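Notes follow once the structure below has been shown.
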Amino acid sequence: MTQEHQRSWLTRLKRLPQSAGQQLSIQFRRIPQRTRFLLLSTVFAFFTTLFTSHFSLTIVPAYQLGDIAKADIVVPADLLVKDQAHAFGALPFFKHNPVILRAGESVNAEKLPLIEVVRRYQLAQRSPLRLLGLFALIALMYFALFKAATTSQSSRLGPRTAYWVAGSALMIQTLLVRAGMYGAAVLSTQPEMMSLGGFFEFAFAIPFASGALVLSLLIGGQVALVTGLMSAILAGFIAPDGLAFVAFALAGSVIAIYSVQRYHTRNAVVIASTAVGAINILMGLAVMLIAEHGWQWSRVLGGMVLGLAGALFTAAAASLAIPVYESAFDILTDMKLMELANADNPLLRQLAITTPGTHHHSFMVGVLAEAAAKAIGANPLLARTGCLYHDIGKLAAPNMYIENQKGGPNPHDRVSPLNSVRIITGHVRRGIEMAREANLPSQIIDFIPQHHGTRVLAYFYHKAKAQAEARGETVNIEDFRYPGPKPQSKEAVILMLADGAEASVRSLEEQTPENIRAIIKKIVDSVVSDGQLDESNVTMRELTVIRETLINTLANVYHQRISYPGFNPPSEKTPAETTQPGTSSQEPKGAEVSTAAARR
């Protein structure tokens with residue numbers, strides 16, 4: 001085989017995983033959407049059922065007296081715990097020696113009943129009726145989770161995406177609890193670990209609240225609470241002391257969700273895990289009393305330490321899962337938004353240096369949008385971050401936009417109105433390209449074309465119309481529109497209105513509250529009449545709240561201030577400076593006139 005053939009085969013082998021993944025993705029997408037939904041939901045329910053049940057992968061053979069053991073016969077860890085806690089229909093046979101027989105040993109009369117106990121337990125866990133009933137219950141849980149995800153008002157994701165994230169989190173959380181229960185059962189039998197307590201105390205170290213914490217950060221409190229409740233119920237199926245651990249797991253999940261709702265910061269996981277640690281200690285003491293495990297100080301202190309360990313494991317699991325979910329489902333969390341809104345971001349730093357006028361405009365629009373989003377219950381951090389990037393396309397030609405011309409000549413005076421429109425609307429296309437090159441999230445990129453929608457560039461349209469009428473011609477208004485699309489989200493609607501409000505109020509000669517109210521009302525009415533909000537889910541009530549919030553915020557920005565004597569320009573003399581000794585008090589009118597002229 002020649003070197004060229006070898007290189008060709010090596011290249012094909014390297015590309016094989018990628019091409020196979022692409023083919024699988026293509027074939028999967030050909031399946032109807034409803035069929036895919038049912039298929040994946042069934043897979044979730046199946047694996048969750050498997051993790052919840054104590055399904056035995058192997059069954060101890062039926063031995064007779066005198067038979068030789070083919071392999072080691074070891075008591076399952078979960079049966080060992082149940083034997084210690086509730087006695088599986090027999091005395092605690094396995095408490096001191098979980099290994100019944102070694103491979104090659106003979107079955108005697110003493111060991112045969114123990115083997116039968118293990119065999120009956122394994123067969124009971126494999127009972128088809130038991131598994132079918134558990135699967136039906138879990139399938140019903142996933143249906144309830146789907147309804148919660150699709151009807152939640154606090155979800156930051158789309159309905160289907162929220163369901164897939166919550167469903168996979170519930171399945172993984174069940175696996176985590178199952179693995180934790182197994183580990184607790186094994187550790188409780190080790191002599192060197194018994195000083196910390198038994199199985200009951202070791203189970204406090206399981207991160208029951210990790211799933212609820214992750215979902216609260218990624219989706220919202222409502223879906224996270226429903227998922228936390230379901231995972232607590234499933235933990236009750238897995239644990240021997242079911243009801244006690246349902247209460248323990250649910251309390252940790254609720255406190256994790258509550259703490260994250262109050263603190264949307266970078267250290268939210270740390271704050272939530274601290275709260276979970278505190279509630280783990282309190283609930284640990286409570287469930288020990290409920291389960292009547294007695295009050296032994298060694299076990300109490302061990303349970304407290306293990307409860308704090310459970311909080312640390314919760315923080316570790318959440319910190320590991322959040323970036324994975326962000327990447328897999330393209331989720332934009334509050335922490336990611338705060339990173340994007342950092343002024344040291346290269347794109348924002350370039351915007352501030354190259355286009356200071358656009359940067360200041362974007363910052364002011366962000367202030368307005370954040371206030372309006374808070375007023376209607378939208379995502380204020382997403383609205384503000386989207387505003388900071390909505391005009392980055394102007395970096396390609398800063399001087400073509402009035403806010404960056406610094407009073408100099410306007411290049412648009414030397415080109416036709418239609419060419420000006422092509423230049424102005426071009427910043428949308430260039431902004432999208434720059435955002436993709438900077439790997440900005442798609443939710444931020446959507447703000448760039450949607451904040452203009454398909455609105456008309458009125459200044460250039462009327463200029464072209466006047467020139468055309470002078471020549472006896474007509475112009476097509478569609479040539480003077482932005483390419484779109486129209487705003488799809490409430491945050492994009494807020495940006496469209498805030499962008500127009502900030503620019504128009506800044507152009508006023510007198511920024512009085514009356515003028516501000518009149519021009520913002522006119523902008524909102526024109527946006528509605530032009531059909532720009534037809535593709536969004538904003539209501540008329542929310543639109544009124546947005547308008548009033550913009551009016552109040554801008555009125556506060558352009559508040560009146562008194563003149564400072566001695567610090568005014570020569571054309572703006574205060575009455576005290578213009579009144580000379582011996583003159584009447586009516587003479588300052590000349591100063592007022594000069595001040596008004598200076599303003600004009």
Side-chain angles (χ1 to χ4, degrees), residues 337 340-341 348 351 355 357-394 401-403 424 427-428 431 443-458 482 484-508 511 513 515-559:
L337 286 171
L340 292 173
L348 295 182
L351 192 69
T355 57
T358 300
H359 177 264
H360 182 263
H361 162 73
S362 299
F363 177 81
M364 292 303 301
V365 172
V367 172
L368 297 174
E370 185 176 23
K374 287 181 180 178
I376 67 169
N379 190 336
L381 192 54
L382 175 61
R384 181 166 67 88
T385 307
C387 292
L388 296 178
Y389 290 92
H390 78 285
D391 272 343
I392 57 175
K394 294 181 179 180
Y401 304 93
I402 187 68
E403 67 267 22
I424 295 297
H427 86 274
V428 173
Q443 297 92 326
I444 300 298
I445 298 177
D446 290 341
F447 280 96
I448 297 175
Q450 291 180 21
H451 84 276
H452 283 303
T454 58
R455 298 191 68 190
V456 176
L457 284 85
Y482 281 97
K486 297 177 181 179
Q488 307 293 310
S489 64
K490 294 180 181 180
E491 291 80 8
V493 170
I494 291 172
L495 172 55
M496 172 181 279
L497 299 177
D499 183 48
E502 198 280 334
S504 60
V505 170
R506 185 176 293 276
S507 68
L508 292 174
Q511 284 101 359
N515 291 344
I516 291 174
R517 175 172 291 278
I519 196 167
I520 292 180
K521 189 176 184 302
K522 186 175 182 180
I523 289 172
V524 174
D525 291 342
S526 66
V527 167
V528 173
S529 61
D530 196 27
Q532 297 299 313
L533 308 185
D534 292 349
E535 298 178 12
S536 69
N537 59 346
V538 68
T539 64
M540 292 304 298
R541 180 182 178 277
E542 290 172 335
L543 195 61
T544 302
V545 174
I546 294 171
R547 184 191 66 198
E548 294 302 315
T549 303
L550 294 177
I551 292 171
N552 294 334
T553 306
L554 283 169
N556 292 330
V557 170
Y558 293 101
H559 57 273

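Note that this is a predicted model, so its numbers are computed, not measured.
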Show me the donor-acceptor pairs, under 3.5 Å and distance only, between side chains in residues 521-528 and residues at least two apart or in other chains.
residue, atom, partner, partner atom, Å
Lys521, NZ, Asp525, OD2, 3.3
Ser526, OG, Lys522, O, 3.4
Ser526, OG, Ile523, O, 2.7

Side-chain donor-acceptor contacts of residues 364-383 below 3.5 Å, not counting sequence neighbours, with atom names and distances?
residue, atom, partner, partner atom, Å
Asn379, OD1, Leu381, N, 3.2
Asn379, OD1, Leu382, N, 3.2

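Checking side-chain atoms of Ser507 against main-chain N and O of Ser504 turns up a donor-acceptor pair under 3.5 Å. Using a distance-only test at 3.5 Å, with no hydrogens or angles considered, a donor-acceptor pair links the side chain of Gln450 to the main chain of Gln488. Looking only at distances, no side-chain donor or acceptor of His361 sits under 3.5 Å from a matching main-chain atom of Thr358.
With sequence neighbours left out, the side chain to side chain contact (heavy atoms under 4.5 Å, CB included) criterion links Asn552 to no other residue. Legend: residues meeting side-chain hydrogen bond (donor to acceptor under 3.5 Å, both in side chains) with Thr544, ordered by chain and number and at least two apart, are absent. Not counting sequence neighbours, Gln511 has no partner by the side-chain hydrogen bond (donor to acceptor under 3.5 Å, both in side chains) test.
Here the CG atom belonging to Leu508 is positioned 7.0 Å from the CD1 atom belonging to Ile516, to the nearest 0.5 angstrom. The distance from atom CG of Leu533 to atom OG1 of Thr539, rounded to the nearest 0.5 Å, is 11.0 Å. Rounding to the nearest 0.5 Å gives a distance of 10.5 Å between CG of Leu543 and CD of Glu548.
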Practice prompt. Walk me through it: do Leu337 and Ile444 pass the test side-chain contact (heavy atoms from CB on, under 4.5 Å)?
Written response: CA-CA 9 Å; Leu337 286 171; Ile444 300 298; 4.0 Å; yes

Discussion item. Run the side-chain contact (heavy atoms from CB on, under 4.5 Å) test on Arg547 and Ile520 for me, step by step, so that the C-alpha distance in whole Å, both residues' side-chain angles and the decisive distance to 0.1 Å come before the verdict.
Written reply: CA-CA 7 Å; Arg547 184 191 66 198; Ile520 292 180; 4.0 Å; yes

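Closest heavy-atom contact between Thr549 and Thr553: O-OG1, 2.7 Å. Closest approach of Tyr482 to Val428, counting heavy atoms only: CD2-CG2, 4.1 Å. Smallest separation of non-hydrogen atoms from Thr385 and Ala341: OG1-CB, 3.9 Å. Nearest heavy-atom pair, Gly484 versus Thr454, reported as atom, atom and distance to 0.1 Å: CA-CG2, 3.8 Å. In terms of heavy atoms, Leu495 sits closest to Phe447 at CD2-CD2, 3.4 Å. Of all heavy-atom pairs between Leu351 and Ser362, the closest is CD2-OG, 4.4 Å.
Side-chain atoms of His451 and Asp391, non-hydrogen and from C-beta on, do get closer than 4.5 Å to each other. Taking 4.5 Å as the limit, some side-chain heavy atom of Leu340 sits within range of a side-chain heavy atom of Tyr389.
Listed by first then second residue, pairs satisfying salt bridge (charged side-chain N to carboxylate O under 4.0 Å, His left out) with a partner in residues 485-500 read Lys490-Glu542, not counting sequence neighbours.
Ring pair His427/His452 is perpendicular by interplanar angle, where above 60° counts as perpendicular and below 30° as parallel.
Other residues, nucleotides and ligands contribute over 12 non-hydrogen atoms within 6.0 Å of the OH atom of Tyr558.
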